[in-house]
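Okay, so here's the structure we're looking at.
Throughout, protein chains are lettered first and strands after them, A, B, ... in sequence-line order, and every chain is numbered starting at 1. Both backbone and side-chain heavy atoms feed into the values below; hydrogens, waters and symmetry mates do not. Note that the structure is predicted; figures quoted are calculated from it, not measured.
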Number of protein chains: 2
Amino acid sequence: MNELTHLKSAGLKSTLPRLKVLSLFESGSERHLSAEDVYKKLLASGDDVGLATVYRVLNQFEQAGLLVKHHFEGDKSVFELNQGDHHDHIVCLQCGRVEEFFDATIEQRQKKAAAERGFELHDHSLYIYANCVKSKCQYRS
Amino acid sequence: MNELTHLKSAGLKSTLPRLKVLSLFESGSERHLSAEDVYKKLLASGDDVGLATVYRVLNQFEQAGLLVKHHFEGDKSVFELNQGDHHDHIVCLQCGRVEEFFDATIEQRQKKAAAERGFELHDHSLYIYANCVKSKCQYRS
DNA sequence: ATTACGAATGAGAATGATTAGCATTAGCAT
DNA sequence: ATGCTAATGCTAATCATTCTCATTCGTAAT
């Protein structure tokens, strides 16, 4: 299933900006990108898309299930390619590096916690804020 | 330990706006309040504080450890009184009602997940988004 | 009590991320 | 090739939050 098929099945026309944004995520150099990140990367590669369009496209892709949106600590949100595998995130407070993880026990206990209190779990967000080991930390002062 | 002592020990002068804000939280009618909420409630009770002051005071209280700040889904952040007991939150997507919970297993698995990946856990945020049972849901369409 | 000085406040401007409005342009089915 | 609608790209608007700065308040020493 290629980019074009992805768009089609989401009921979205295959336009230049959309293809550009999608392939940026699929190229996979960086998994987590903010709207601003995407905008700058496109400009840098000579592709001339408006910032507003980037925001619109990202949100459409999220609705369509192609991307997932996250709100790490701070103001701006980031998007990542939806590859079907739910996972949570560990974010380094120093360098911002993000690592993904999945813990079945945590998932299950969440469902339980909700159920015990009369809630029907719909969704959740779990972010661990931590510090990398120095060897991996990309912090540049 | 009363309000005044709280402020003193945080190195904050005992001023009218600060006492007002603090007692709002301590009165406990609603546990989770946004800056806007606090501002409106104070105005409503005839206390004339500026919105900027509310923001400042809330942040100072957070730094001082009197309040804890949360970012539920959506844009604005909410504060609650810090009573020393860490807990996570379940938020109803319909009515916005918030219920608190604590699960030792989840806490422990988080620490483990971080450690296994070479992170030193500093903090975390876990929000469960769900739907109340109809009997409790305060949703008004 | 009075003074004096720095901290705190209030009002409004400024910021930063995100969205809305609208005229122009580009997909795509005919 | 044509036409219609959806998509784009500006720019202006919004919303929460922070900053600026002149004025006022709290407090510790007189």
Side-chain angles (χ1 to χ4, degrees), chain A residues 2-24 32-43 45-64 66-79 96, chain B residues 2-24 32-43 45-64 66-79 96:
Chain A
N2 55 35
E3 290 89 349
L4 212 151
T5 319
H6 274 135
L7 293 179
K8 282 274 168 60
S9 65
L12 297 171
K13 282 188 184 172
S14 159
T15 68
L16 236 29
R18 297 215 255 242
L19 292 173
K20 300 269 180 57
V21 170
L22 193 46
S23 66
L24 224 192
H32 303 91
L33 298 171
S34 69
E36 192 73 28
D37 292 339
V38 170
Y39 178 63
K40 287 202 185 122
K41 275 182 182 290
L42 290 182
L43 282 195
S45 54
D47 298 313
D48 227 330
V49 290
L51 180 55
T53 301
V54 170
Y55 273 102
R56 264 186 307 239
V57 168
L58 289 175
N59 286 326
Q60 290 160 344
F61 284 2
E62 194 206 356
Q63 314 264 55
L66 298 179
L67 297 178
V68 182
K69 189 197 279 201
H70 296 292
H71 303 274
F72 296 156
E73 200 143 273
D75 25 23
K76 57 183 62 166
S77 17
V78 299
F79 293 80
Chain B
N2 55 37
E3 290 88 351
L4 212 150
T5 320
H6 274 137
L7 292 180
K8 281 275 168 60
S9 65
L12 296 171
K13 280 188 185 171
S14 160
T15 68
L16 237 29
R18 298 215 255 242
L19 291 172
K20 300 269 180 58
V21 170
L22 193 47
S23 66
L24 225 191
H32 303 91
L33 298 171
S34 69
E36 191 74 27
D37 292 338
V38 170
Y39 178 63
K40 288 201 184 124
K41 275 179 181 292
L42 291 182
L43 283 196
S45 54
D47 299 313
D48 227 329
V49 291
L51 180 54
T53 301
V54 171
Y55 274 101
R56 264 185 308 238
V57 169
L58 290 175
N59 286 326
Q60 291 161 344
F61 285 2
E62 193 206 355
Q63 315 262 54
L66 298 179
L67 297 178
V68 183
K69 188 197 281 200
H70 296 291
H71 304 273
F72 297 156
E73 199 143 275
D75 23 25
K76 59 183 61 168
S77 15
V78 300
F79 294 80

Find the distance A:Leu16:CG to C:dT25:P and express it as a whole number of Å.
-> 16 Å

Please lay out, stage by stage, how A:Asn59 and A:Glu62 fare under the test side-chain contact (heavy atoms from CB on, under 4.5 Å).
-> CA-CA 5 Å; A:Asn59 286 326; A:Glu62 194 206 356; 4.2 Å; yes

Quick one: closest heavy-atom pair of B:Val49 and B:Tyr39, and the distance?
-> O-CE1, 3.1 Å

So, for A:Asp37 and A:His32, which heavy atoms are closest and what is the spacing to 0.1 Å?
-> OD2-O, 4.3 Å

Earlier contact from the 5' end, DNA chain D, for B:Ala52 and B:Lys76 = B:Lys76

Nearest whole angstrom, please: distance from the C1' of D:dT17 to the CG of B:Leu51.
-> 8 Å

Of B:Ser14 and B:Asp75, the one whose closest DNA chain D nucleotide lies more 5' | B:Asp75

Note, A:Leu51 side chain near A:Glu36 side chain (heavy atom, < 4.5 Å) | yes

Taking atom C1' of C:dA8 as reference, at what distance in whole Å does atom CG of B:Leu19 sit?
-> 13 Å

Nearest-Å distance, CD (A:Glu36) to C1' (C:dT19)?
-> 15 Å

Distance, rounded to the nearest Å, where A:Asp48 contributes CG and C:dA26 contributes P = 13 Å

Between B:Leu12 (CG) and D:dC25 (P), how many Å, whole number?
-> 19 Å

Which part of the nucleic acid, if any, lies within reach of A:Arg56 when heavy atoms closer than 4.0 Å are counted: base, sugar-phosphate only, or nothing?
-> base

Between atom CD in A:Glu62 and atom P in C:dT19, what is the gap in whole Å?
-> 10 Å

Under 3.5 Å on both distances, the Watson-Crick or G-U partner of C:dA29 = D:dT2

Would you mind classifying the nucleic acid contact of B:Ser77 as base, sugar-phosphate or nothing, using non-hydrogen atoms under 4.0 angstrom?
-> sugar-phosphate

Contact class for B:Thr15 (heavy atom, under 4.0 Å): base, sugar-phosphate, or nothing?
-> sugar-phosphate

Considering all heavy atoms of both residues, which atom of A:Thr53 and which atom of A:Pro17 are nearest to each other, and what is their separation?
-> CG2-CB, 4.0 Å

State whether B:Tyr55 places a side-chain N or O below 4.0 Å from either non-bridging phosphate oxygen (OP1 or OP2) of D:dT17.
-> yes

Identify whether any heavy atom of B:Lys13 sits under 4.0 Å from a base atom; if not, whether one sits that close to sugar-phosphate; answer base, sugar-phosphate or nothing.
-> base

Between B:Lys20 (NZ) and C:dT9 (P), how many Å, whole number?
-> 11 Å

